[in-house]
Amino acid sequence: MNPMKIVEIIKDLFKVKMPIESISAAKPGFLNFTLDPAWVKSQINKVIELGESFGNISLGAGVGIQVEFVSVNPTGPLHIGHARGAVVGSSLSNILTAADYQVHKEYYLNDAGAQIEKFAMSIFANYKNQKGIVTKIPDDGYQGEYIDEVTSTIEADLGHQIDEMSDQEALNTIKDAGLELMIKAIKHDLITLRVEMDEWFSETSLYENGTYNEVKSKLNNNNLLLKKDNALWFTSSKLGDDKDNVIEKSNGNPTYFASDIAYHYNKFKIRDFKFVVNIWGSDHQGHVPRLKTVMQALEIDPSRLKFIITQMVKLKRGSTAVKMSKRTGELITLSDFIKEVGVDACRFFFLSRSADSQLDFDIELAKQKSSDNPVYYIQYAHARICSIIRNAKQQKIDFLNGNVDLLDHSTELDLIKKILNMPEIIRLISLRLEPHHLAHYAQELAAAFHLYYQNCKVISTDTSEFELTKARLKLCEASRLTINRCLSLMGMAAPKEM
RNA sequence: GCGCUUGUAGCUCAGUGGAUAGAGCGCCGCCCUGCGGAGGCGGAGGCCGAGGGUUCGAAUCCCUCCAAGCGCACCA
(Lines give C-alpha, C1' and ligand atoms only; values in the text may rest on other atoms or scores of the structure.)
Protein backbone atom coordinates (compact mmCIF):
# COMPACT_ATOMS: atom_id res chain seq x y z
CA MET A 1 0.00 0.00 0.00
CA ASN A 2 1.39 3.42 -0.72
CA PRO A 3 2.37 5.59 2.23
CA MET A 4 -0.29 8.20 1.59
CA LYS A 5 -3.07 5.62 1.85
CA ILE A 6 -1.62 4.30 5.11
CA VAL A 7 -1.45 7.70 6.78
CA GLU A 8 -4.92 8.59 5.51
CA ILE A 9 -6.24 5.57 7.37
CA ILE A 10 -4.30 5.88 10.61
CA LYS A 11 -4.78 9.58 11.04
CA ASP A 12 -8.37 8.94 12.10
CA LEU A 13 -7.35 6.35 14.67
CA PHE A 14 -5.92 8.92 17.10
CA LYS A 15 -8.67 9.41 19.61
CA VAL A 16 -6.39 9.74 22.64
CA LYS A 17 -6.50 12.74 24.90
CA MET A 18 -3.78 15.00 23.61
CA PRO A 19 -3.70 18.75 23.24
CA ILE A 20 -3.99 18.31 19.49
CA GLU A 21 -6.15 20.54 17.36
CA SER A 22 -5.94 18.47 14.19
CA ILE A 23 -4.13 15.66 12.47
CA SER A 24 -3.60 15.76 8.75
CA ALA A 25 -1.94 13.61 6.14
CA ALA A 26 0.72 15.16 3.92
CA LYS A 27 2.83 14.02 1.01
CA PRO A 28 4.78 11.82 0.69
CA GLY A 29 3.44 10.08 3.78
CA PHE A 30 3.59 12.26 6.85
CA LEU A 31 1.18 12.71 9.68
CA ASN A 32 1.16 16.29 10.86
CA PHE A 33 -0.07 16.91 14.39
CA THR A 34 -1.15 20.47 15.01
CA LEU A 35 -1.03 21.43 18.67
CA ASP A 36 -4.03 23.08 20.19
CA PRO A 37 -3.02 26.77 20.39
CA ALA A 38 -4.90 27.27 23.64
CA TRP A 39 -2.83 24.52 25.22
CA VAL A 40 0.40 25.95 23.81
CA LYS A 41 -0.37 29.35 25.24
CA SER A 42 -1.36 27.98 28.62
CA GLN A 43 2.13 26.53 29.00
CA ILE A 44 3.43 30.06 29.54
CA ASN A 45 1.76 29.94 32.95
CA LYS A 46 3.61 26.71 33.68
CA VAL A 47 6.95 28.25 32.69
CA ILE A 48 6.42 31.21 35.01
CA GLU A 49 5.28 28.90 37.81
CA LEU A 50 8.44 26.80 37.43
CA GLY A 51 10.65 29.88 37.27
CA GLU A 52 14.34 29.09 37.55
CA SER A 53 13.67 25.37 37.38
CA PHE A 54 11.97 25.50 33.98
CA GLY A 55 13.88 23.16 31.68
CA ASN A 56 14.64 20.61 34.37
CA ILE A 57 13.78 17.02 33.50
CA SER A 58 13.84 13.78 35.47
CA LEU A 59 15.89 11.78 32.97
CA GLY A 60 18.77 10.97 35.31
CA ALA A 61 16.57 9.95 38.25
CA GLY A 62 19.27 11.01 40.68
CA VAL A 63 21.85 8.55 39.40
CA GLY A 64 25.53 9.35 40.07
CA ILE A 65 27.70 10.49 37.20
CA GLN A 66 31.30 11.55 37.40
CA VAL A 67 32.58 14.09 34.91
CA GLU A 68 36.36 14.18 34.77
CA PHE A 69 37.83 17.05 32.83
CA VAL A 70 40.78 19.40 32.40
CA SER A 71 43.16 17.10 34.38
CA VAL A 72 46.16 18.88 32.91
CA ASN A 73 49.59 17.90 34.21
CA PRO A 74 50.56 20.43 36.88
CA THR A 75 53.83 21.10 35.09
CA GLY A 76 52.68 24.20 33.28
CA PRO A 77 49.86 26.70 33.05
CA LEU A 78 46.61 26.05 31.23
CA HIS A 79 46.45 27.03 27.60
CA ILE A 80 43.59 27.68 25.20
CA GLY A 81 43.03 24.05 24.27
CA HIS A 82 42.59 23.13 27.91
CA ALA A 83 40.04 25.88 28.26
CA ARG A 84 37.84 24.21 25.68
CA GLY A 85 37.62 21.03 27.73
CA ALA A 86 37.07 23.10 30.87
CA VAL A 87 34.14 24.98 29.39
CA VAL A 88 32.57 21.91 27.80
CA GLY A 89 32.92 19.95 31.03
CA SER A 90 31.51 22.58 33.32
CA SER A 91 28.55 23.39 31.09
CA LEU A 92 27.78 19.75 30.45
CA SER A 93 27.84 19.23 34.22
CA ASN A 94 25.36 22.07 34.70
CA ILE A 95 23.08 20.53 32.09
CA LEU A 96 23.32 17.01 33.49
CA THR A 97 22.40 18.43 36.87
CA ALA A 98 19.32 20.00 35.27
CA ALA A 99 18.52 16.54 33.92
CA ASP A 100 18.52 15.18 37.48
CA TYR A 101 21.87 13.43 37.48
CA GLN A 102 23.95 13.57 40.63
CA VAL A 103 27.02 15.14 39.02
CA HIS A 104 30.52 15.01 40.46
CA LYS A 105 33.04 17.27 38.73
CA GLU A 106 36.59 16.12 39.11
CA TYR A 107 40.13 17.10 38.16
CA TYR A 108 42.58 14.19 38.09
CA LEU A 109 45.83 15.52 39.39
CA ASN A 110 48.88 13.78 37.94
CA ASP A 111 51.10 14.49 40.90
CA ALA A 112 53.35 11.48 40.37
CA GLY A 113 55.56 10.13 37.64
CA ALA A 114 58.42 10.98 35.36
CA GLN A 115 57.06 14.28 34.03
CA ILE A 116 56.79 15.66 37.55
CA GLU A 117 60.40 14.64 38.21
CA LYS A 118 61.47 16.32 35.00
CA PHE A 119 59.53 19.41 35.98
CA ALA A 120 61.35 19.54 39.33
CA MET A 121 64.72 18.98 37.69
CA SER A 122 64.04 21.74 35.19
CA ILE A 123 63.30 24.23 37.96
CA PHE A 124 66.30 23.10 39.94
CA ALA A 125 68.60 23.53 36.95
CA ASN A 126 67.08 26.93 36.30
CA TYR A 127 67.56 27.79 39.96
CA LYS A 128 71.24 26.91 39.82
CA ASN A 129 71.69 28.86 36.62
CA GLN A 130 70.16 31.90 38.25
CA LYS A 131 72.74 31.47 41.01
CA GLY A 132 75.50 31.42 38.41
CA ILE A 133 76.14 27.68 38.60
CA VAL A 134 75.93 26.65 34.96
CA THR A 135 73.64 23.63 34.83
CA LYS A 136 72.10 21.79 31.92
CA ILE A 137 68.32 21.73 31.65
CA PRO A 138 67.22 18.11 31.15
CA ASP A 139 66.43 16.88 27.66
CA ASP A 140 62.82 17.70 26.85
CA GLY A 141 62.77 19.65 30.06
CA TYR A 142 60.42 22.49 30.85
CA GLN A 143 61.32 26.06 30.14
CA GLY A 144 59.76 29.37 29.35
CA GLU A 145 58.73 32.46 31.19
CA TYR A 146 56.58 30.64 33.72
CA ILE A 147 59.48 28.42 34.77
CA ASP A 148 61.52 31.54 35.45
CA GLU A 149 58.67 32.94 37.53
CA VAL A 150 58.22 29.73 39.51
CA THR A 151 61.97 29.57 40.09
CA SER A 152 62.09 33.14 41.34
CA THR A 153 59.15 32.61 43.67
CA ILE A 154 60.75 29.51 45.12
CA GLU A 155 64.05 31.29 45.46
CA ALA A 156 62.39 34.12 47.36
CA ASP A 157 60.38 31.83 49.64
CA LEU A 158 62.75 28.95 50.23
CA GLY A 159 66.12 29.98 48.85
CA HIS A 160 67.84 30.09 52.21
CA GLN A 161 66.73 26.59 53.14
CA ILE A 162 67.43 25.11 49.73
CA ASP A 163 70.98 26.38 49.69
CA GLU A 164 71.68 24.41 52.89
CA MET A 165 70.27 21.14 51.53
CA SER A 166 71.73 18.22 49.68
CA ASP A 167 70.77 18.08 46.01
CA GLN A 168 68.26 15.33 46.66
CA GLU A 169 66.57 17.22 49.50
CA ALA A 170 66.56 20.38 47.45
CA LEU A 171 64.99 18.62 44.51
CA ASN A 172 62.18 17.26 46.69
CA THR A 173 61.55 20.63 48.23
CA ILE A 174 61.47 22.26 44.83
CA LYS A 175 59.15 19.59 43.50
CA ASP A 176 56.59 20.16 46.26
CA ALA A 177 56.82 23.92 46.02
CA GLY A 178 56.69 23.91 42.22
CA LEU A 179 53.65 21.65 42.18
CA GLU A 180 51.88 23.79 44.70
CA LEU A 181 52.53 26.93 42.66
CA MET A 182 51.34 25.36 39.42
CA ILE A 183 48.19 23.93 40.99
CA LYS A 184 47.44 27.31 42.48
CA ALA A 185 47.85 28.94 39.07
CA ILE A 186 45.61 26.35 37.40
CA LYS A 187 42.92 26.78 40.04
CA HIS A 188 43.11 30.51 39.61
CA ASP A 189 42.64 30.27 35.83
CA LEU A 190 39.71 27.88 36.22
CA ILE A 191 37.97 30.18 38.67
CA THR A 192 38.40 33.04 36.22
CA LEU A 193 36.77 30.85 33.58
CA ARG A 194 33.94 30.10 36.05
CA VAL A 195 34.89 26.45 36.28
CA GLU A 196 34.55 24.83 39.68
CA MET A 197 35.55 21.31 40.62
CA ASP A 198 33.95 19.21 43.32
CA GLU A 199 37.15 17.28 43.82
CA TRP A 200 40.84 17.33 42.95
CA PHE A 201 41.77 13.68 42.88
CA SER A 202 45.39 12.86 43.57
CA GLU A 203 47.08 10.21 41.45
CA THR A 204 49.56 9.57 44.27
CA SER A 205 46.73 8.59 46.60
CA LEU A 206 46.03 5.52 44.47
CA TYR A 207 49.42 4.14 45.48
CA GLU A 208 49.38 5.34 49.06
CA ASN A 209 46.02 3.82 49.97
CA GLY A 210 46.55 0.45 48.30
CA THR A 211 44.09 0.83 45.43
CA TYR A 212 46.75 0.07 42.86
CA ASN A 213 47.86 -3.13 44.59
CA GLU A 214 44.26 -4.26 44.87
CA VAL A 215 43.73 -3.79 41.15
CA LYS A 216 47.00 -5.45 40.30
CA SER A 217 46.13 -8.62 42.18
CA LYS A 218 42.72 -8.64 40.54
CA LEU A 219 44.30 -8.49 37.10
CA ASN A 220 46.80 -11.11 38.13
CA ASN A 221 44.01 -13.43 39.27
CA ASN A 222 42.37 -12.99 35.90
CA ASN A 223 45.63 -13.98 34.20
CA LEU A 224 46.07 -10.62 32.49
CA LEU A 225 49.58 -9.77 33.71
CA LEU A 226 52.84 -10.88 32.15
CA LYS A 227 56.46 -10.30 33.14
CA LYS A 228 58.54 -9.65 30.03
CA ASP A 229 61.88 -7.92 29.50
CA ASN A 230 61.90 -7.14 33.21
CA ALA A 231 58.70 -5.10 32.90
CA LEU A 232 55.14 -5.94 33.89
CA TRP A 233 52.62 -5.98 31.05
CA PHE A 234 48.85 -5.83 30.97
CA THR A 235 47.97 -8.26 28.21
CA SER A 236 45.20 -6.14 26.78
CA SER A 237 45.58 -7.77 23.37
CA LYS A 238 43.80 -10.78 24.89
CA LEU A 239 40.76 -8.50 25.27
CA GLY A 240 40.79 -7.03 21.79
CA ASP A 241 43.26 -4.15 22.07
CA ASP A 242 45.81 -4.06 19.28
CA LYS A 243 48.73 -4.32 21.67
CA ASP A 244 49.78 -5.04 25.23
CA ASN A 245 50.69 -2.19 27.58
CA VAL A 246 53.39 -1.84 30.19
CA ILE A 247 52.13 -1.03 33.68
CA GLU A 248 55.41 -1.36 35.55
CA LYS A 249 58.66 -0.35 33.90
CA SER A 250 61.84 -2.38 34.20
CA ASN A 251 63.02 0.11 36.82
CA GLY A 252 60.01 -0.87 38.93
CA ASN A 253 58.07 2.38 38.55
CA PRO A 254 54.43 2.19 37.50
CA THR A 255 53.42 3.86 34.25
CA TYR A 256 50.67 6.40 33.80
CA PHE A 257 48.48 3.63 32.47
CA ALA A 258 48.85 1.75 35.76
CA SER A 259 47.36 4.71 37.63
CA ASP A 260 44.64 5.02 35.07
CA ILE A 261 43.53 1.46 35.66
CA ALA A 262 43.48 2.03 39.40
CA TYR A 263 41.69 5.34 38.94
CA HIS A 264 38.88 3.79 36.94
CA TYR A 265 38.62 0.95 39.41
CA ASN A 266 38.18 3.62 42.04
CA LYS A 267 35.52 5.44 40.01
CA PHE A 268 33.37 2.41 39.33
CA LYS A 269 34.07 -0.12 42.07
CA ILE A 270 34.96 2.01 45.08
CA ARG A 271 32.90 5.15 44.55
CA ASP A 272 30.29 3.35 42.52
CA PHE A 273 29.44 5.99 39.93
CA LYS A 274 26.81 4.68 37.60
CA PHE A 275 28.32 6.61 34.70
CA VAL A 276 31.68 8.22 34.04
CA VAL A 277 32.39 10.85 31.40
CA ASN A 278 36.05 11.47 30.55
CA ILE A 279 36.64 14.67 28.64
CA TRP A 280 40.01 14.42 26.95
CA GLY A 281 41.90 16.38 24.34
CA SER A 282 42.38 14.73 20.97
CA ASP A 283 46.04 14.15 21.77
CA HIS A 284 44.86 11.50 24.26
CA GLN A 285 42.38 9.83 21.95
CA GLY A 286 44.71 6.87 21.46
CA HIS A 287 44.15 5.84 25.08
CA VAL A 288 40.47 5.16 24.63
CA PRO A 289 40.75 1.59 23.30
CA ARG A 290 43.03 0.38 26.07
CA LEU A 291 40.82 1.91 28.73
CA LYS A 292 37.88 0.05 27.25
CA THR A 293 39.79 -3.19 27.67
CA VAL A 294 40.37 -2.19 31.29
CA MET A 295 36.59 -2.08 31.72
CA GLN A 296 36.39 -5.64 30.47
CA ALA A 297 39.23 -6.78 32.67
CA LEU A 298 37.55 -5.29 35.73
CA GLU A 299 34.20 -6.74 34.67
CA ILE A 300 32.46 -3.39 34.39
CA ASP A 301 29.84 -2.77 31.71
CA PRO A 302 31.78 -0.66 29.15
CA SER A 303 28.68 1.37 28.27
CA ARG A 304 29.01 3.05 31.67
CA LEU A 305 32.20 4.77 30.49
CA LYS A 306 31.79 7.62 28.00
CA PHE A 307 34.31 9.83 26.30
CA ILE A 308 34.20 13.30 24.89
CA ILE A 309 37.29 13.97 22.81
CA THR A 310 37.72 17.67 22.17
CA GLN A 311 39.59 18.54 19.00
CA MET A 312 42.28 21.18 18.74
CA VAL A 313 41.76 24.90 19.00
CA LYS A 314 43.43 27.18 16.51
CA LEU A 315 43.70 30.84 17.40
CA LYS A 316 43.38 33.51 14.77
CA ARG A 317 43.47 37.25 14.75
CA GLY A 318 41.36 38.02 11.74
CA SER A 319 43.05 35.93 9.09
CA THR A 320 46.46 35.46 10.69
CA ALA A 321 47.13 32.36 12.74
CA VAL A 322 48.48 32.70 16.27
CA LYS A 323 51.14 30.11 17.01
CA MET A 324 51.13 28.24 20.28
CA SER A 325 53.96 26.19 21.63
CA LYS A 326 54.80 25.25 25.17
CA ARG A 327 58.50 24.92 24.57
CA THR A 328 59.28 28.03 22.55
CA GLY A 329 57.63 30.21 25.15
CA GLU A 330 55.61 31.87 22.40
CA LEU A 331 52.58 31.11 24.46
CA ILE A 332 49.36 32.98 24.87
CA THR A 333 48.46 32.12 28.41
CA LEU A 334 44.87 31.45 29.24
CA SER A 335 44.66 34.37 31.63
CA ASP A 336 45.90 36.78 28.95
CA PHE A 337 43.43 35.29 26.53
CA ILE A 338 40.48 35.68 28.89
CA LYS A 339 41.55 39.19 29.73
CA GLU A 340 41.46 40.01 26.05
CA VAL A 341 38.21 38.41 24.88
CA GLY A 342 36.21 38.17 28.10
CA VAL A 343 34.84 35.12 29.87
CA ASP A 344 31.40 35.22 28.26
CA ALA A 345 32.72 35.25 24.70
CA CYS A 346 35.31 32.64 25.54
CA ARG A 347 32.72 30.27 27.01
CA PHE A 348 30.21 30.84 24.25
CA PHE A 349 32.57 30.15 21.37
CA PHE A 350 34.01 27.06 23.01
CA LEU A 351 30.48 25.79 23.52
CA SER A 352 29.15 26.65 20.12
CA ARG A 353 30.94 23.93 18.18
CA SER A 354 30.68 20.19 18.40
CA ALA A 355 33.60 18.77 20.39
CA ASP A 356 34.38 16.58 17.38
CA SER A 357 35.23 19.55 15.21
CA GLN A 358 38.37 21.55 15.29
CA LEU A 359 37.72 25.06 16.43
CA ASP A 360 38.95 28.21 14.75
CA PHE A 361 38.78 30.89 17.36
CA ASP A 362 38.96 34.36 15.87
CA ILE A 363 40.01 36.67 18.68
CA GLU A 364 39.04 39.78 16.75
CA LEU A 365 35.51 38.51 16.14
CA ALA A 366 34.99 37.40 19.73
CA LYS A 367 36.02 40.84 20.95
CA GLN A 368 33.58 42.74 18.78
CA LYS A 369 30.81 44.37 20.70
CA SER A 370 28.47 44.34 17.76
CA SER A 371 25.80 42.24 16.14
CA ASP A 372 28.56 40.21 14.49
CA ASN A 373 28.97 38.62 17.83
CA PRO A 374 26.29 36.12 18.92
CA VAL A 375 27.28 36.60 22.55
CA TYR A 376 25.93 40.12 22.48
CA TYR A 377 22.92 39.15 20.43
CA ILE A 378 21.76 36.74 23.13
CA GLN A 379 22.67 38.94 26.07
CA TYR A 380 21.01 41.90 24.39
CA ALA A 381 17.73 39.99 24.20
CA HIS A 382 17.90 39.46 27.95
CA ALA A 383 18.73 43.08 28.69
CA ARG A 384 15.97 44.24 26.38
CA ILE A 385 13.36 42.17 28.20
CA CYS A 386 14.60 43.39 31.57
CA SER A 387 14.16 46.93 30.32
CA ILE A 388 10.57 46.28 29.25
CA ILE A 389 9.74 44.71 32.58
CA ARG A 390 11.34 47.65 34.38
CA ASN A 391 9.07 49.98 32.44
CA ALA A 392 6.05 47.89 33.36
CA LYS A 393 6.98 48.02 37.03
CA GLN A 394 7.44 51.77 36.88
CA GLN A 395 3.92 52.01 35.50
CA LYS A 396 2.76 49.72 38.31
CA ILE A 397 1.42 47.11 35.92
CA ASP A 398 0.85 43.82 37.71
CA PHE A 399 0.88 41.35 34.87
CA LEU A 400 0.99 38.02 36.68
CA ASN A 401 -2.78 37.65 36.36
CA GLY A 402 -2.59 38.29 32.59
CA ASN A 403 -4.61 36.05 30.30
CA VAL A 404 -2.16 34.33 27.93
CA ASP A 405 -5.00 33.17 25.70
CA LEU A 406 -4.99 36.65 24.19
CA LEU A 407 -1.61 36.00 22.52
CA ASP A 408 -2.48 35.38 18.89
CA HIS A 409 0.23 36.90 16.72
CA SER A 410 2.22 34.33 14.76
CA THR A 411 5.52 35.60 16.19
CA GLU A 412 4.08 35.15 19.67
CA LEU A 413 3.15 31.54 19.01
CA ASP A 414 6.55 30.87 17.43
CA LEU A 415 8.27 32.34 20.46
CA ILE A 416 6.17 30.26 22.85
CA LYS A 417 6.94 27.07 20.95
CA LYS A 418 10.63 27.91 21.00
CA ILE A 419 10.50 28.43 24.76
CA LEU A 420 8.74 25.12 25.23
CA ASN A 421 11.61 23.38 23.43
CA MET A 422 13.93 23.97 26.36
CA PRO A 423 13.36 20.64 28.20
CA GLU A 424 13.89 18.73 24.96
CA ILE A 425 17.22 20.46 24.47
CA ILE A 426 18.30 19.45 27.97
CA ARG A 427 17.30 15.91 27.19
CA LEU A 428 19.12 15.83 23.85
CA ILE A 429 22.32 17.17 25.37
CA SER A 430 22.17 14.75 28.28
CA LEU A 431 21.63 11.71 26.11
CA ARG A 432 24.23 12.60 23.53
CA LEU A 433 26.67 14.51 25.74
CA GLU A 434 26.73 17.35 23.23
CA PRO A 435 26.45 20.69 24.99
CA HIS A 436 26.93 22.67 21.78
CA HIS A 437 23.21 22.32 21.09
CA LEU A 438 22.51 24.75 23.92
CA ALA A 439 24.51 27.52 22.27
CA HIS A 440 22.51 27.10 19.08
CA TYR A 441 19.22 26.94 20.93
CA ALA A 442 20.03 30.14 22.83
CA GLN A 443 20.63 31.94 19.55
CA GLU A 444 17.36 30.69 18.10
CA LEU A 445 15.49 31.68 21.23
CA ALA A 446 16.98 35.18 21.18
CA ALA A 447 16.12 35.50 17.48
CA ALA A 448 12.51 34.45 18.16
CA PHE A 449 12.28 37.12 20.83
CA HIS A 450 13.81 39.90 18.71
CA LEU A 451 11.41 39.05 15.90
CA TYR A 452 8.46 39.11 18.29
CA TYR A 453 9.58 42.43 19.73
CA GLN A 454 9.77 43.93 16.27
CA ASN A 455 6.23 42.86 15.46
CA CYS A 456 4.34 43.31 18.70
CA LYS A 457 4.41 46.29 20.98
CA VAL A 458 4.39 44.91 24.49
CA ILE A 459 3.31 47.85 26.62
CA SER A 460 0.49 49.55 24.79
CA THR A 461 -0.46 53.15 25.55
CA ASP A 462 -4.00 52.35 24.48
CA THR A 463 -5.95 51.60 27.67
CA SER A 464 -8.33 49.31 25.80
CA GLU A 465 -5.37 47.01 25.23
CA PHE A 466 -4.47 46.72 28.90
CA GLU A 467 -5.29 43.02 29.08
CA LEU A 468 -3.16 42.30 25.99
CA THR A 469 -0.31 44.25 27.54
CA LYS A 470 -0.43 42.06 30.62
CA ALA A 471 -0.47 38.88 28.53
CA ARG A 472 2.52 40.09 26.52
CA LEU A 473 4.44 40.99 29.66
CA LYS A 474 3.86 37.45 30.83
CA LEU A 475 5.36 36.13 27.60
CA CYS A 476 8.31 38.47 28.09
CA GLU A 477 8.84 37.14 31.58
CA ALA A 478 8.75 33.54 30.35
CA SER A 479 11.26 34.46 27.61
CA ARG A 480 13.49 36.16 30.12
CA LEU A 481 13.45 33.13 32.42
CA THR A 482 14.37 30.81 29.57
CA ILE A 483 17.16 32.96 28.12
CA ASN A 484 18.49 33.45 31.61
CA ARG A 485 18.50 29.71 32.19
CA CYS A 486 20.39 29.08 28.96
CA LEU A 487 23.00 31.66 29.84
CA SER A 488 23.38 30.34 33.34
CA LEU A 489 23.77 26.73 32.14
CA MET A 490 26.44 27.94 29.75
CA GLY A 491 28.15 29.79 32.58
CA MET A 492 27.54 33.19 31.02
CA ALA A 493 26.31 36.42 32.53
CA ALA A 494 22.71 37.51 31.94
CA PRO A 495 23.01 41.28 32.09
CA LYS A 496 19.95 43.34 33.06
CA GLU A 497 21.33 46.29 31.15
CA MET A 498 24.19 46.71 28.72
C1' G B 1 51.56 1.81 7.35
C1' C B 2 47.49 1.48 11.29
C1' G B 3 43.72 4.05 14.48
C1' C B 4 40.42 8.29 16.01
C1' U B 5 38.16 12.91 14.22
C1' U B 6 36.81 16.19 10.32
C1' G B 7 35.33 17.51 4.94
C1' U B 8 27.90 20.94 4.00
C1' A B 9 26.96 28.56 1.03
C1' G B 10 32.82 33.05 -0.17
C1' C B 11 34.12 32.37 5.62
C1' U B 12 32.85 29.99 10.60
C1' C B 13 29.57 26.11 11.57
C1' A B 14 24.42 23.37 12.75
C1' G B 15 21.80 19.29 10.84
C1' U B 16 23.32 10.82 13.54
C1' G B 17 17.11 7.43 7.51
C1' G B 18 12.26 11.52 5.64
C1' A B 19 9.01 17.02 3.29
C1' U B 20 11.99 22.70 -0.82
C1' A B 21 19.51 21.01 3.29
C1' G B 22 19.67 25.59 7.72
C1' A B 23 22.12 29.71 10.96
C1' G B 24 25.68 33.66 11.80
C1' C B 25 29.30 36.62 9.30
C1' G B 26 30.37 38.81 4.43
C1' C B 27 27.73 40.82 -0.17
C1' C B 28 23.18 43.38 -2.48
C1' G B 29 18.36 45.88 -1.52
C1' C B 30 14.96 47.53 2.22
C1' C B 31 12.33 48.85 7.47
C1' C B 32 12.37 53.85 12.66
C1' U B 33 6.30 60.28 14.46
C1' G B 34 6.53 53.30 18.98
C1' C B 35 8.64 49.59 25.10
C1' G B 36 16.72 49.57 24.12
C1' G B 37 18.55 49.93 16.00
C1' A B 38 23.77 45.99 20.11
C1' G B 39 17.19 45.12 16.33
C1' G B 40 14.00 43.46 11.95
C1' C B 41 12.62 42.07 6.58
C1' G B 42 13.94 40.44 1.58
C1' G B 43 17.67 38.69 -2.15
C1' A B 44 21.88 36.39 -4.43
C1' G B 45 24.95 32.31 -3.12
C1' G B 46 25.11 24.48 -2.44
C1' C B 47 26.81 18.13 -7.55
C1' C B 48 26.48 18.15 1.37
C1' G B 49 35.10 15.99 -0.61
C1' A B 50 34.83 11.91 -4.92
C1' G B 51 32.94 7.18 -6.47
C1' G B 52 30.18 2.80 -5.51
C1' G B 53 26.38 0.28 -2.48
C1' U B 54 21.91 -0.61 1.14
C1' U B 55 16.77 1.63 1.17
C1' C B 56 10.31 3.35 -1.05
C1' G B 57 13.64 7.37 0.62
C1' A B 58 20.78 8.99 2.21
C1' A B 59 24.35 15.09 4.05
C1' U B 60 23.01 11.09 7.64
C1' C B 61 24.10 3.86 7.28
C1' C B 62 28.07 0.39 4.64
C1' C B 63 32.59 -0.05 1.30
C1' U B 64 36.68 2.24 -1.51
C1' C B 65 39.45 6.49 -2.53
C1' C B 66 41.19 11.75 -1.79
C1' A B 67 42.39 15.82 1.63
C1' A B 68 43.27 17.98 6.67
C1' G B 69 44.11 17.56 12.19
C1' C B 70 45.56 14.34 16.15
C1' G B 71 47.55 9.85 17.88
C1' C B 72 50.36 5.02 17.39
C1' A B 73 56.74 4.97 24.21
C1' C B 74 59.12 0.80 29.70
C1' C B 75 56.12 10.07 28.66
C1' A B 76 51.93 11.74 30.96
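- One can place NE2 of A/His287 at 12 Å from P of B/rC75, the figure rounded to the nearest angstrom.
- A cation-pi arrangement is absent between A/Arg384 and A/Phe449, since the terminal nitrogen or guanidinium carbon is not both under 6.0 Å from the aromatic centre and inside a 45° cone about the axis.
- An OP1 or OP2 oxygen of B/rU16 is reached within less than 4.0 angstrom by a side-chain nitrogen or oxygen of A/Arg432.
- In this structure, A/Lys292 atom NZ and B/rG3 atom C1' are separated by 12 Å, rounded to whole Å.
- Separating the CD1 atom in A/Ile147 from the CE atom in A/Met182 is a distance of 7.5 Å, to the nearest 0.5 Å.
- Stacking annotation: A/Phe30 is stacked on the base of B/rA19 (ring centroids less than 5.5 angstrom apart, interplanar angle below 30 degrees).
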Protein-nucleotides 28-33 of chain B N/O pairs under 3.5 Å:
none

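- Between the CG atom of A/Asp242 and the P atom of B/rC72 there is a distance of 12 Å, given to the nearest Å.
- Side-chain N/O atoms of A/Gln285 and base N/O atoms of B/rG3 include a donor-acceptor pair closer than 3.5 Å.
- Both the sub-6.0 Å distance and the 45° axial angle are satisfied by A/Lys267 relative to the ring of A/Tyr263.
- Among the nucleotides B/rG39, B/rG34, B/rA14, the one closest to the side chain of A/Ser357 is B/rA14.
- Here B/rG39 presents its C1' atom at 17 Å from NE2 of A/His382, a figure rounded to the nearest Å.
- The base of B/rA19 lies close enough to the side chain of A/Asn32 for a donor and an acceptor atom to sit less than 3.5 Å apart.
- Protein atom NE2 of A/His409 is 17 Å distant from nucleotide atom P of B/rC35, rounded to whole Å.
- Note that A/Lys187 lies in the cation-pi zone of A/Trp200, set by a 6.0 Å cut-off to the ring centre and a 45° limit from the axis.
- When distances are taken from the side chain of A/Asn391 to each of B/rC35, B/rU5, B/rC75, the shortest belongs to B/rC35.
- Looking at the side chain of A/His440, the nearest of the listed nucleotides B/rG40, B/rC13, B/rA76 is B/rC13.
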